[in-house]
Asker: 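Got a structure for you, questions after.
In what follows, every heavy atom counts, from backbone to side chain, and hydrogens, waters and symmetry copies are set aside. One-based numbering, in listed order, for ligands and for the atoms of each. Given the structure is predicted, the values throughout are model-derived calculations rather than measurements.
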Amino acid sequence: MEYYGEIACQGLAMGKIAVLQKQENFINKQKTTDVNTEIIRLQNALEKSKKELIELTKRAKNTIGDTSASIFEAHQMILEDEEFVAAIYDRISSKMTTAEYAVFQMGEEIYHKFLSMDDSYFQARAEDVKDVVYRLLQNLKMKPIKSPLYEELVILVAEELTPSEMMQIDQKNILAFVIRKGDINSHTAILARMMNLPALVNVPFHYSEISTGMSAIVDAVQGKVIFEPSKEMCIEMESKIHKQTIKQQELHDLKGKKTVTKTGRKIAIYANISSEDEVAAALENDAEGIGLFRSEFLYMGRMSFPTEEEQFQVYKNILQQMGEKQVTIRTLDIGSDKKEEYFELKDEENPALGCRGIRFCLEKPEIFKIQLRALLRASVYGNLEILYPMITAEEEIDEIHKILEEVVCELKEEAIPYKIPKQGVMIETPAAVIISDILANKVDFFSIGTNDLTQYTLAVDRQNSKYTSRYNGYHPAILRMIRHVVKEAHKKGKPVGICGDLAGDIELTEQFLNIGIDVLSVVPSMVLKLRKRVRDMA
Ligand code: PEP
Ligand code: MG
């Protein structure tokens, strides 16, 4: 069985698959020391779920009729089943586990019990149990953790994965991703590239044809996955993987060498990272700095905002590991596809045009200040630059500066050591491009975010897989914009980098060098490939 998809991250892999069924939730074992809180959380989730189901039954009766509405009545009955509910409470108190884990375990047990029954009526009820468990987990305000509970390395096959779910996956266990939905420009795809794991999205496989434990080949060079490959195919893939390893060795020989053309033209190659753990990959690939730390991922896959101390430790650690090398930390850029319940973002018609990036921070200065305090404190320990996302107006920079001044005053008063780092803005909206001459007066550097710049300039949702071909970084409008920004910034003596995914496009490296781009910041695995490209140039 062979399926084609879009390549979110190039690479080859071969191994067993782990299939996450649609809506399947794996909850890792979680212990608690606070049984009472877990019991109250469960009570609330049960109440909320029951109310939802009563509403759903009513709505279904009015719209799709009694027979369909009875499905939701059956779901209510499961929630009212005394034995089922008592068993969950019992698990929390006797095994000291979180409510989520108790619900998940109980759900799994009953699901499999129903499934194994001979009577087809009961077999069908298994799906109902799953649905009820899913609702309960959602109402426990905890995003279900889709995490494969496998000890061995697996190719993860899923319907879709949100950035938040990606962050909870232990990448050490993953060989590759095969995702039925998704788009190559989504943050999920970016995370796969960050992890440097072969990834295919938009793969139209059928769940009925695959199951966990089956073997597969992921050829994310040609864009295909083969389930149950033949012996010959496996031998061929083994040899391809071997050749790939040799190529990688050649690249590794470029470590410690300069990124300079044959005629002496230079460009710096930095790495993009999204977690503290990826600093190792940046160093391993000899990145000349960190051009983008997407700090928002520190805020994801959790249930409350990280504290100042927590953030300070992470930033300090990254700076210390990078030594004298530059580290650019972007302030919280949430909204659109990057969200968590606790951010309490209101539902918006067009979230990509709503409360995103700097807008969120300026609307919630108390949260922004915590991050700025942590950054200024950490700045003492290395070569930090702060980068502000989603800028559209010079007044936003004035507002940021005002908040920063308040933070400086507070730190001074409290006699806490700090250093004010260089500050730059992301150029990722057409407005920022057009006023780049004005912005250049107010900041120390620019970093062009081509992912969003492409989406906002071409009016194409970066997540909409239907329009992937229209989401085109090669569009003359984008290249002209980049050229314009560099011209305006250089007039004022300010450097310009590109940190969007276009920076890693080997076909454009020469053009970027000719335009005068100072820094290209790419996923760690691309650093040496770009260095090779530059060193091969005249
Ligand atoms: C960009 O928009 O190009 C960028 C680097 O930011 P993100 O992909 O995180 O939105
Ligand atoms: Mg962006």
Asker: Show, in sequence, the C-alpha distance, side-chain angles and deciding distance for Q455 and Y467, and conclude whether the side-chain hydrogen bond (donor to acceptor under 3.5 Å, both in side chains) test is met.
Answerer: CA-CA 11 Å; Q455 125 163 303; Y467 292 113; over 6 Å; no
Asker: As an exercise, identify every atom of ligand 1 less than 4.0 angstrom from a heavy atom of H187.
Answerer: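 In order of number, 7 (P), 8 (O), 9 (O), 10 (O).
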Asker: Provide the number and element of each atom of ligand 1 under 4.0 Å from a heavy atom of R294.
Answerer: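 By the 4.0 Å cutoff, the relevant atoms are 4 (C), 5 (C), 6 (O), 7 (P), 8 (O), 9 (O).
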Asker: With heavy-atom distances below 4.0 Å as the criterion, list the atoms of ligand 1 near R462.
Answerer: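 Per the distance check, 2 (O), 7 (P), 8 (O), 10 (O).
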Asker: Any carboxylate oxygen within less than 4.0 angstrom of a Lys/Arg side-chain nitrogen, looking at K402 and E399?
Answerer: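 No.
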Asker: Please give me the minimum heavy-atom distance between I7 and A220, naming the atom from each residue.
Answerer: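 Minimum heavy-atom contact is CG2-O, 3.3 Å.
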Asker: Using a strict threshold of under 4.0 Å (side-chain N to carboxylate O), is an ion pair present between K494 and E488?
Answerer: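 Looking at K494 together with E488, the answer is no, because their closest N to O distance does not fall below 4.0 Å.
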Asker: Decide whether Y388 and Q423 meet the rule of one side-chain donor and one side-chain acceptor closer than 3.5 Å.
Answerer: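 Checked: Y388/Q423 side chains pair up, N/O donor to acceptor below 3.5 Å.
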Asker: Any idea which heavy atoms bring G449 and C499 closest together, and the distance?
Answerer: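 Result for this residue pair: CA-SG, 4.4 Å.
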Asker: Closer than 2.8 Å to the Mg ion (ligand 2), how many protein N/O/S atoms do you count?
Answerer: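 Every protein N, O or S atom under 2.8 Å from the Mg ion (ligand 2) counted, the figure is 2.
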Asker: With the threshold set at under 4.0 angstrom, would you say M390 reaches ligand 1 through any of its heavy atoms?
Answerer: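 No, that is not the case, since the closest heavy atom of the residue is not under 4.0 Å from the ligand.
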Asker: Atoms of ligand 1 less than 4.0 Å from E428 heavy atoms?
Answerer: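 Matching atoms, with element in brackets: 1 (C), 2 (O), 6 (O).
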Asker: Heavy atoms only: give me the nearest A13-L175 pair and the separation to one decimal.
Answerer: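 For A13 and L175, the tightest heavy-atom pair comes out as CB-O, 3.8 Å.
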Asker: For the pair D398 and K442, find out whether any cationic side-chain nitrogen is under 4.0 Å from an anionic carboxylate oxygen.
Answerer: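 Salt bridge: yes.
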Asker: Taking N or O atoms only and a 3.5 Å limit, does E296 qualify as a polar contact for ligand 1?
Answerer: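 Among all N and O atoms of E296, none is under 3.5 Å from an N or O of ligand 1.
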Asker: Looking only at distances, please establish whether an N/O atom of ligand 1 is found under 3.5 Å from an N/O atom of N451.
Answerer: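 Yes; the residue has a nitrogen or oxygen that sits under 3.5 Å from a nitrogen or oxygen of the ligand.
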Asker: Using a 4.0 Å cutoff against the non-hydrogen atoms of M426, which atoms of ligand 1 qualify?
Answerer: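 Within the 4.0 Å cut-off of M426, ligand 1 contributes 4 (C), 5 (C), 6 (O).
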Asker: Among all protein heavy atoms, pick out the one at the shortest distance from atom 6 (O) of ligand 1; state its residue, atom name and that distance to 0.1 Å.
Answerer: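 Among all protein heavy atoms, the one nearest atom 6 (O) of ligand 1 is R330 NH1, 2.9 Å.
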Asker: Among D452, L387, L453, whose heavy atom sits nearest atom 10 (O) of ligand 1?
Answerer: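 Among D452, L387, L453, the closest heavy atom to atom 10 (O) of ligand 1 belongs to D452.
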Asker: Under a 4.0 angstrom heavy-atom cut-off, which atoms of ligand 1 come close to K338?
Answerer: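 In order of numbering, the contacting atoms are 9 (O).
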Asker: For the ring pair F297 and Y299, is the centre-to-centre distance below 6.0 Å?
Answerer: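 No, the ring of F297 stays outside the 6.0 Å limit from the ring of Y299, centre to centre.
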Asker: For ligand 1, which atoms have a heavy atom of I190 less than 4.0 angstrom away?
Answerer: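 In order of numbering, the contacting atoms are 8 (O).
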Asker: So which atom in A216 and which in I155 form the shortest heavy-atom distance, rounded to 0.1 Å?
Answerer: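 In terms of heavy atoms, the two residues are closest at O-CD1, 3.6 Å.
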Asker: So which atom in Y471 and which in D452 form the shortest heavy-atom distance, rounded to 0.1 Å?
Answerer: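 Closest approach of Y471 to D452, heavy atoms only: OH-N, 4.4 Å.
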Asker: Would you say the side-chain atoms of R531 pair up with the backbone N or O of A287, donor to acceptor, closer than 3.5 Å?
Answerer: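 Pair absent, no side-chain N/O of R531 close to backbone of A287.
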Asker: For ligand 1, does Q455 get within less than 4.0 Å through its side chain, its backbone, both, or neither, judged by non-hydrogen atoms?
Answerer: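 Under 4.0 Å from ligand 1, Q455 contributes no heavy atoms.
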Asker: How far apart are the closest heavy atoms of A374 and F312, and which atoms are they?
Answerer: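 Nearest heavy atoms, A374 then F312: CB-N, 3.7 Å.
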Asker: Side chain, backbone, both or neither: which part of L292 comes within less than 4.0 Å of ligand 1 when only heavy atoms are counted?
Answerer: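 Contact part for L292 vs ligand 1: side chain (C-beta onward).
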